[in-house]
Amino acid sequence: MNDKAIITDLRQRFGEFILPIEQLPHAYYPGGITNVKAIYLGCDPSNNHSIELPYVFAHNCNLKVFNTFIKAHTFQLEQIGLNWEKVYSQNLCRNYFKIETAKNRIWKTVAINYWVDQLNKELAMFDSKIPVLLTSQVLLQVLAIGRYENILAPDFYECKVTIPIPAQESKLNRDLIPLYRGKSPQFNVSYHLKNKEWQNYREEIIKYFEDSKL
């Protein structure tokens, strides 16, 4: 289906929570498919500034309001030896919602009942060894299976839980690695890997990519 047909289908299923936009942001992979080392996954493109983003993560939209947002993600990737040319960036839910993710009570329903299957089909072009980097806890809650879905961020970041979450425990059938950008209320510090508190976790992720030889 084209973008317009997808939105029509979503609105028929989930109503006015889905904005009637005819064009959805495209996946972003400026380095090309063959250079992809990981899938960099966001939640959805919903925001308070634009409903015409050409690419996910607000790339190439020319609105200065997104500059800090893009830089934060850029720096996060750099901390583990990656950049935008080495990842396939996409959102789990490709559509715009009326309400932003954190306050959106229907987000998980739409993600589970529609977009997980669509994303699996989309990612079939990549080798199954290509992992998925999760930029939000809510993605883990939707995509992980069994004991992993409710594991809190500190348990990963303090290396209490070994990464990756194995492919067999993932609805995407790929290794999952939390790479959040929010702030921990428990530690009063952001989850950006530049923070010294997360040095061991950062090294674990780097070692994962070194060992996997992706």
Side-chain angles (χ1 to χ4, degrees), residues 24-45 53-61 66 69-94 111 115-140 142-145 148 151 153 156-157 159 161-182 190-195 198-214:
L24 305 176
H26 296 291
Y28 187 72
Y29 50 107
I33 295 295
T34 58
N35 287 322
V36 169
K37 307 296 182 184
I39 311 301
Y40 195 63
L41 193 64
C43 294
D44 64 75
L53 300 180
Y55 294 97
V56 298
F57 291 95
H59 286 287
N60 297 355
C61 71
F66 291 113
F69 172 79
I70 296 172
K71 286 180 180 179
H73 283 288
T74 301
F75 194 78
Q76 189 80 317
L77 287 170
E78 289 174 348
Q79 293 299 300
I80 57 172
L82 298 177
N83 54 49
W84 295 110
E85 284 71 31
K86 294 180 181 179
V87 297
Y88 182 84
S89 303
Q90 182 59 289
N91 289 315
L92 175 52
C93 295
R94 293 176 54 210
W115 284 112
V116 171
D117 286 345
Q118 299 300 320
L119 184 59
N120 263 317
K121 294 174 184 176
E122 181 177 347
L123 299 184
M125 72 179 93
F126 297 106
D127 188 290
S128 61
K129 294 181 180 179
I130 300 293
V132 178
L133 303 175
L134 306 176
T135 62
S136 170
Q137 176 88 30
V138 71
L139 292 169
L140 177 73
V142 167
L143 295 174
I145 298 171
Y148 286 97
I151 292 177
F156 290 111
Y157 274 70
C159 300
V161 176
T162 302
I163 59 163
I165 297 167
Q168 61 267 28
E169 301 290 342
S170 161
K171 293 177 184 176
L172 296 179
N173 298 305
R174 297 174 181 277
D175 288 353
L176 303 178
I177 300 174
L179 195 68
Y180 305 149
R181 72 179 189 91
S190 80
Y191 285 120
H192 281 296
L193 294 181
K194 65 182 180 181
N195 292 316
W198 318 130
Q199 180 178 347
N200 291 338
Y201 186 58
R202 179 170 62 248
E203 290 176 356
E204 271 201 20
I205 298 176
I206 292 172
K207 186 176 186 301
Y208 169 86
F209 281 100
E210 290 176 346
D211 291 346
S212 61
K213 301 187 187 328
L214 291 169

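Note that this is a predicted model, so its numbers are computed, not measured.
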- [ ] Show your working on side-chain contact (heavy atoms from CB on, under 4.5 Å) between L133 and I39 and close with a plain yes or no.
- [x] CA-CA 6 Å; L133 303 175; I39 311 301; over 6 Å; no
Open item on the list: Keeping D44 on the side-chain end and L92 on the backbone end, is there a donor-acceptor pair under 3.5 Å?
Closed with: no
Task: Closest heavy-atom pair and its distance - S190, N195 - done: O-ND2, 2.8 Å
- [ ] Indicate yes or no: at least one non-hydrogen side-chain atom of I177 is less than 4.5 angstrom from one of I205.
- [x] yes
TODO: Give a yes or no answer on whether the side chain of Q90 reaches the backbone of H26 with a donor-acceptor pair at less than 3.5 Å.
DONE: no
- [ ] Say whether, by atom type as modelled, one donor and one acceptor occur between the side chain of N200 and the main chain of E203 under 3.5 angstrom.
- [x] no
TODO: Spell out, as yes or no, whether a donor-acceptor pair under 3.5 Å connects the side chain of N120 to the backbone of K171.
DONE: yes
Task: N173/S128 under side chain to side chain donor-acceptor pair (under 3.5 Å): CA gap, chis, key distance, verdict - done: CA-CA 7 Å; N173 298 305; S128 61; over 6 Å; no
TODO: Side-chain contact test, heavy atoms from C-beta onward, threshold under 4.5 Å: evaluate it for I163 versus D175 and give yes or no.
DONE: no
Task: Heavy-atom closest pair, residues L176 and L134 - done: CB-CD1, 4.1 Å
Task: Close side-chain approach of R181 and Y191, heavy atoms under 4.5 Å - done: no
- [ ] To the nearest 0.5 Å, tell me how far T74 OG1 sits from H59 NE2.
- [x] 6.0 Å
Open item on the list: Please check this pair: side chain of R174 against backbone of P166, looking for a donor-acceptor N/O pair closer than 3.5 Å.
Closed with: no
Task: L140 to Y148 - nearest heavy-atom pair and separation - done: CD2-O, 3.6 Å
Open item on the list: Under a 3.5 Å distance rule, please check whether T135 uses its side chain to pair with a backbone N or O of L41 as donor and acceptor.
Closed with: yes
- [ ] For Q137 and I151, indicate whether the former's side chain and the latter's backbone hold a donor-acceptor pair under 3.5 Å.
- [x] yes
Open item on the list: Tell me whether the count of non-hydrogen atoms from other residues, nucleotides or ligands lying under 6.0 Å of CZ in F209 goes above 12.
Closed with: yes
Task: Member of V138, L172, I165 meeting the side-chain contact (heavy atoms from CB on, under 4.5 Å) criterion with L143 - done: L172
Task: Shortest non-hydrogen contact from S89 toward V56 - done: O-CG2, 3.1 Å
Task: Minimum heavy-atom distance between Q76 and L193, given as atom pair plus value - done: OE1-N, 2.8 Å
Open item on the list: I need the minimum non-hydrogen distance between L82 and A38, along with the two atoms involved.
Closed with: CD1-CB, 4.3 Å
Task: Mutual orientation of the aromatic rings belonging to F57 and W84 [parallel < 30°, tilted 30-60°, perpendicular > 60°] - done: tilted
Task: Residue Y201 excluded, over 12 heavy atoms near OH under 6.0 Å - done: yes
- [ ] Please assess H73 against Y40 for the test side chain to side chain donor-acceptor pair (under 3.5 Å), listing each intermediate value before the final yes or no.
- [x] CA-CA 10 Å; H73 283 288; Y40 195 63; 2.6 Å; yes
